[in-house]
Amino acid sequence: MTAPFDIKQLELTQFGNNVFSPKQWLDTIVPESMKILPNPYHQAPFIYENINFDFSDMKSFIKNHEDESKKIGIISTDDGVVLPKKNIDIRNTYNIIPNDTFLKEYNIFFESQKSKIEEFFNVSLMQSIDPQILIYKNGCFYKRHSDNCSEIVDLNKNIIEYKPVAPARIITTVLFITTQVKDPKDEFEFSGGELVFDFLYDDKFRKISIKPKEGDFVAFLSNPYFSHSVKKIKDGMRVSVVQWHNAIVH
Ligand SMILES: O=C(O)CCC(=O)C(=O)O
Ligand SMILES: [Fe+2]
């Protein structure tokens, strides 16, 4: 099956009320240990909510430290994963290391979301890596990837396999502290930059896509079913706070 492929030719499985995925095809390339799915009786197979919270410490940290952000090439993460250099083709983002004030506010926010995540995915959350602050400026993007597996393609771009690279990552959370608008004016606004789930579709065969707003919080399984990408940022600054969580799956 080539990527991008013709979704209309694949048998779709219902992952949520109005969310479908080519599960049977994915099952041939997703490793057995990675085949975790939430129960299909939710609206969507992931959490997507706007949370009313005061992010002022986090936002002022970004405002004061944006200049220090570094382009990501090779990074070694807390969970011991080293992303190879070839990742520069996959992602074009900047990152900033959070300070204690940022982490304090973020942790208060995350604690308020924890039990909801555990209930939704039927898991007990274990260790989490420190949150990563990703800054996307004009032209930045993040191509399709799974957070815990490497996508292996052949010369014709057919996906032939997923190799587990970070099996400790069970759940990914993304918090947005900037807002997508048509015409960015404010320093915390941007255009473009949708978060797209590349293997999740609605009943009209449209990929599920999120237009981020400040306070939007997304939690999904880190496995290849939930492969995702960030569309090119056209203008302004997009800031996401990404965290990977280990969990006991019940
Ligand atoms: O910035 C985003 O919305 C997603 C980032 C992402 O996919 C990642 O860090 O793995
Ligand atoms: Fe990701």
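In listed order, ligands and their atoms are each counted from 1.
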Item checked: Sub-6.0 Å ring centroid separation between His65 and Phe102 -> no
Notebook entry, point to check: Polar-atom distance check: Ser240 versus ligand 1, any N or O pair below 3.5 Å?
Noted result: yes
Next item on the list: Considering just N/O/S atoms, say which atom of Asp147 is closest to the Fe ion (ligand 2).
Entry: OD1
Next item on the list: Determine, stepwise, if the pair Lys116 / Glu119 fulfils salt bridge (charged side-chain N to carboxylate O under 4.0 Å, His left out).
Entry: CA-CA 5 Å; Lys116 182 167 57 192; Glu119 202 177 309; over 6 Å; no
Notebook entry, point to check: Numbering the atoms of ligand 1 from 1, which are under 4.0 Å from a heavy atom of Phe176?
Noted result: 3 (O)
Note to self: Which residue and atom name correspond to the protein heavy atom nearest atom 5 (C) of ligand 1, and how close is it?
What the structure shows: Tyr136 OH, 3.5 Å
Margin query: Using the side-chain hydrogen bond (donor to acceptor under 3.5 Å, both in side chains) definition, which of the options Glu151, Arg91, His228 pairs with His145?
Written below: His228
Checklist line | Geometry at the Fe ion (ligand 2) - His145 NE2 versus His228 NE2 angle, rounded to 10 degrees | finding: 90°
Checklist line | Atoms in ligand 1 with a heavy atom of Val242 nearer than 4.0 Å | finding: 5 (C), 9 (O)
Note to self: Looking at ligand 1, would Phe141 count as a contact under a 4.0 Å heavy-atom criterion?
What the structure shows: no
Checklist line | Nearest non-hydrogen protein atom, atom 8 (C) of ligand 1 | finding: Tyr142 CE1, 3.5 Å
Notebook entry, point to check: Trp244 heavy atoms, cut-off 4.0 Å: which ligand 1 atoms fall inside?
Noted result: 10 (O)
Checklist line | Connected via hydrophobic side-chain network under 4.5 Å: Val249 and Tyr225 | finding: yes
Notebook entry, point to check: With under 30° as parallel and over 60° as perpendicular, where do the rings of Phe109 and Phe217 fit, or are they tilted in between?
Noted result: perpendicular
Next item on the list: Keeping the roles fixed (side chain from Thr93, backbone from Ile135), state whether a donor-acceptor pair exists under 3.5 Å.
Entry: no
Checklist line | Expected output: side-chain Asp57 to main-chain Ser60 donor-acceptor under 3.5 Å | finding: no
Check: Which protein heavy atom lies closest to atom 9 (O) of ligand 1, and at what distance to 0.1 Å?
Finding: Leu134 CD1, 3.4 Å
Checklist line | Heteroatom proximity flag, Arg238 to ligand 1, N/O under 3.5 Å | finding: yes
Check: Heavy-atom contacts under 4.0 Å between Phe226 and ligand 1: side chain, backbone, both, or neither?
Finding: neither
Next item on the list: Identify, by atom number and element, the atoms of ligand 1 in contact range of Val230, meaning under 4.0 Å from any of its heavy atoms.
Entry: 1 (O), 2 (C), 3 (O), 4 (C)
Check: With a 4.5 Å heavy-atom cut-off, do Phe46 and Leu200 have their side chains touching?
Finding: yes
Next item on the list: May I ask you to decide if Gly16's main-chain N or O and Gln43's side chain share a donor-acceptor pair within less than 3.5 Å?
Entry: no
Note to self: If we set the cut-off at 4.0 Å for heavy atoms, which region of Asp147 has an atom near ligand 1: side chain, backbone, both, or neither?
What the structure shows: side chain
